[in-house]
Amino acid sequence: QIRNLEEIFEQRIARDEKIEPKDWMPEKYRQTHIRQISQHAHSEIVGMLPEGNWISRAPSLRRKVALLAKVQDEAGHGLYLYSACETLGISRNELYDQLHSGKAKYSSIFNYPTITWADIGAIGWLVDGAAIINQVPLCNTSYGPYARAMIRVCKEESFHQRQGYEIMMTLCKGTPEQKEMAQDALNRWWWPSMMMFGPTDDMSTHTEQSMKWKLKRKTNDELRQQFVDQTAPQADLLGITIPDPELEWNEEKGHYDFGEIDWDEFWQVVKGHGPCNKERLSARVNAWEEGEWVRDAAMAYAKKQQDKKLQ
Ligand code: FAQ
């Protein structure tokens, strides 16, 4: 009977039908979605920390308002994604527990420090730029709740990318010191942004199966190439240089060539040994522990209301 169900499921995937929470799905499909969606949710939540660092130090009221809105959007994205993940039969508490115990991954990019204001520009431009390239194809992913969450997330991400690029433009048109700050931020954020797309296709554990299930619609390498092709002309426009001597337009391929990523650094960061891994995780664990009284109060209030109704 399972074989029959599996055949029906495969046919639905082939017809590009969305799989919905109550539909039959193979256990591995369910598990791999829990893995990817929850890691994506954790990334949004941990991703608030590097930028949160600059909210109180933004250079003007306008910049502060935009940054606050952006960080709040990230909280919202995390919450949509946790909700999408819960439809697969895992509880929010289990998901938080996986993050806080270090069992679940989140994107490597958020383990780097934000040292200057230009880092906020570079994050919006490069990190949100990479996130959009990765997430637009996910609007078409096979699991309904994930696909629908991605549509709204992508709209907000595109505002985030533009606010970052605008910060970079302002700095690049400013004093020589400001332009130097922009260049320094590009130097530090370029390679970590390239790593966001994950290992090369031949080293990627999940790509082949995830492409078959239409969870992933493009491979890690395809997305990375698209990122380079889109971003290199934007750096030219800013008048700053991507820190890759091998970066060059290849007329024959119709794409940019680029240098080798330091995969050693990537795996070190993924395994918990990046510059800020410990700091990020302890910030999340502290927020959870210090928020306990709020959760308790909300539960006590809900119980009181419930008891009143029953009286
Ligand atoms: N960092 O076989 P693959 C954002 C792990 S955007 C850490 O290729 P897969 C917005 C991977 O989990 C960032 N770990 O895996 C924002 C797997 O380990 P596992 C979040 C990584 O899943 C902007 C192993 O390596 N976006 O937050 C990374 O097929 C600004 C083998 O890799 C998403 O999560 C990495 N970079 O492909 C917020 C998008 N790459 O699980 C605030 C959805 C790989 O077996 C500020 N996710 N690994 O233990 C995806 O598209 C995919 O999951 C990939 C990885 C492409 C990230």
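When reading the values below, keep in mind they use all heavy atoms of this one structure, side chains included, and skip hydrogens, waters and symmetry mates. The residues of the chain are indexed from 1 along the displayed sequence. Remember, it's 1-based here, ligands and their atoms both numbered in the order they're listed. Since we're looking at a predicted model, the values are computed, not measured.
Among protein heavy atoms, atom 16 (C) of ligand 1 sits closest to Phe110 CZ, 3.7 Å. Atom 18 (O) of ligand 1 has its closest protein heavy atom at Lys105 NZ, 3.3 Å. Atom 13 (C) of ligand 1 has as its closest protein heavy atom Ser107 CB, 3.7 Å. Closest to atom 3 (P) of ligand 1 among all protein heavy atoms lies Ser204 OG, 3.4 Å. With hydrogens left out, the protein atom closest to atom 28 (C) of ligand 1 is Phe266 CZ, 3.6 Å, a heavy atom. Of all protein heavy atoms, the one lying nearest to atom 45 (O) of ligand 1 is His206 NE2, 2.6 Å. When only non-hydrogen protein atoms are considered, atom 6 (S) of ligand 1 lies nearest to Ala131 CB, 3.7 Å. Closest to atom 40 (N) of ligand 1 among all protein heavy atoms lies Gly198 CA, 3.2 Å.
Residue Asp128 places no N or O, backbone or side chain, under 3.5 Å from any N or O of ligand 1. Residue Asn220 has at least one nitrogen or oxygen atom sitting less than 3.5 Å from a nitrogen or oxygen atom of ligand 1, judged on distance alone.
Residues Glu265 and Trp263 bring no donor and acceptor atom of their side chains to less than 3.5 Å of each other.
Within ligand 1, counting atoms from 1 as listed, the ones closer than 4.0 Å to a heavy atom of Glu157 are 10 (C). Interface of Glu51 with ligand 1, defined as ligand atoms under 4.0 Å from a residue heavy atom, comprises 46 (C). Atoms of ligand 1 lying under 4.0 Å from at least one heavy atom of Gln39, given by number and element, are 12 (O), 41 (O). Residue Tyr146 has at least one heavy-atom neighbour below 4.0 Å for each of these atoms of ligand 1: 43 (C). Near Glu74, with a cut-off below 4.0 Å to any heavy atom, the atoms of ligand 1 are 30 (C), 38 (C), 42 (C), 46 (C). Per-residue contacts place Trp267 under 4.0 angstrom from the following atoms of ligand 1 (heavy atoms of the residue considered): 25 (O). The distance from ligand 1 to the heavy atoms of Val127 drops below 4.0 Å at these ligand atoms: 23 (C), 30 (C). Residue Ser108 approaches ligand 1 through these ligand atoms, each under 4.0 Å from one of its heavy atoms: 1 (N), 7 (C), 35 (C), 36 (N).
Both the backbone and the side chain of His40 come within contact range of ligand 1, each with a heavy atom under 4.0 Å. Neither the backbone nor the side chain of His160 comes within contact range of ligand 1; no heavy atom lies under 4.0 Å. Contacts between Gln36 and ligand 1 below 4.0 angstrom, taking non-hydrogen atoms only, involve the side chain exclusively. At a heavy-atom distance under 4.0 Å, only backbone atoms of Tyr106 (N, CA, C or O) approach ligand 1. By the criterion of a heavy-atom distance under 4.0 Å, the side chain of Lys216, and not its backbone, is placed next to ligand 1. Only the side chain of Asn134 comes within 4.0 Å of ligand 1, counting heavy atoms alone; its backbone N, CA, C and O stay farther away. Residue-level proximity to ligand 1 for Met195 is carried by the backbone, the only part with a heavy atom below 4.0 angstrom. With a 4.0 Å heavy-atom cut-off, ligand 1 is reached by the backbone of Phe197 but not by any atom from C-beta on. Counting heavy atoms closer than 4.0 Å to ligand 1, residue Leu223 contributes nothing at all. Residue contacts with ligand 1, taken as heavy atom pairs separated by less than 4.0 Å, involve Thr205 via backbone and side-chain atoms alike.
Checked by atom type and distance alone, the side chain of Trp191 pairs as donor or acceptor with a backbone atom of Pro243 at under 3.5 Å. In this structure, the side chain of Arg30 does not engage the main chain of Pro26 through any donor-acceptor pair within 3.5 Å. Looking at Gln230, its side chain never comes within 3.5 Å of a backbone N or O of Phe227 through a donor-acceptor pair. Of the possible donor and acceptor atoms, none in the side chain of Thr114 sits under 3.5 Å from a partner among the backbone N and O of Asp119. In terms of modelled atom types and a separation under 3.5 Å, the side chain of Glu222 and the main chain of Thr219 share a donor-acceptor contact. A distance-only check finds a donor-acceptor pair linking the side chain of Arg224 to the backbone of Met194 [under 3.5 Å]. Judged by distance alone, with hydrogens and angles left aside, the side-chain atoms of Asp201 form a donor-acceptor pair with the main-chain N or O of Asp221 at under 3.5 Å. Asp257 places no side-chain N or O within 3.5 Å of a backbone atom of Leu247 that could act as its donor or acceptor partner.
Checking Arg152, Gln135, Arg162 one by one against Glu157, the side chain to side chain donor-acceptor pair (under 3.5 Å) holds for a single residue, Gln135.
The shortest side-chain heavy-atom distance between Leu88 and Pro21 does not fall under the 4.5 Å cut-off. Residues Gln36 and Tyr146 form a side-chain contact, since some pair of their non-hydrogen atoms from C-beta on lies under 4.5 Å apart.
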- Message: Run the salt bridge (Lys or Arg N to Asp or Glu O under 4.0 Å) test on Glu166 and Arg62 for me, step by step, so that the C-alpha distance in whole Å, both residues' side-chain angles and the decisive distance to 0.1 Å come before the verdict.
- Response: CA-CA 12 Å; Glu166 203 226 341; Arg62 182 176 165 265; 3.3 Å; yes
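Ring pair His42/Tyr82: centre-to-centre distance below 6.0 Å.
Checking Pro199, Ala75, Ala104 against atom 44 (C) of ligand 1, the nearest heavy atom belongs to Pro199. Evaluated by nearest non-hydrogen atom to atom 38 (C) of ligand 1, the leading choice among Arg35, Met196, Glu44 is Glu44.
Distances shorter than 4.0 angstrom do not occur between any heavy atom of Ser210 and any atom of ligand 1.
Protein heavy atoms are found less than 4.0 angstrom from atom 20 (C) of ligand 1.
Glu248 meets the side-chain contact (heavy atoms from CB on, under 4.5 Å) test with no other residue; sequence neighbours excluded. Residues meeting the side-chain contact (heavy atoms from CB on, under 4.5 Å) test with Asp97, sequence neighbours left out: none.
Placement of Met196 and Val136 in two distinct hydrophobic clusters is found when ILVMFWY residues are connected by side-chain heavy-atom separations under 4.5 Å, directly or transitively. The hydrophobic cluster containing Ile151 does not contain Leu79, counting ILVMFWY residues as joined when their side-chain heavy atoms lie under 4.5 angstrom apart, directly or transitively.
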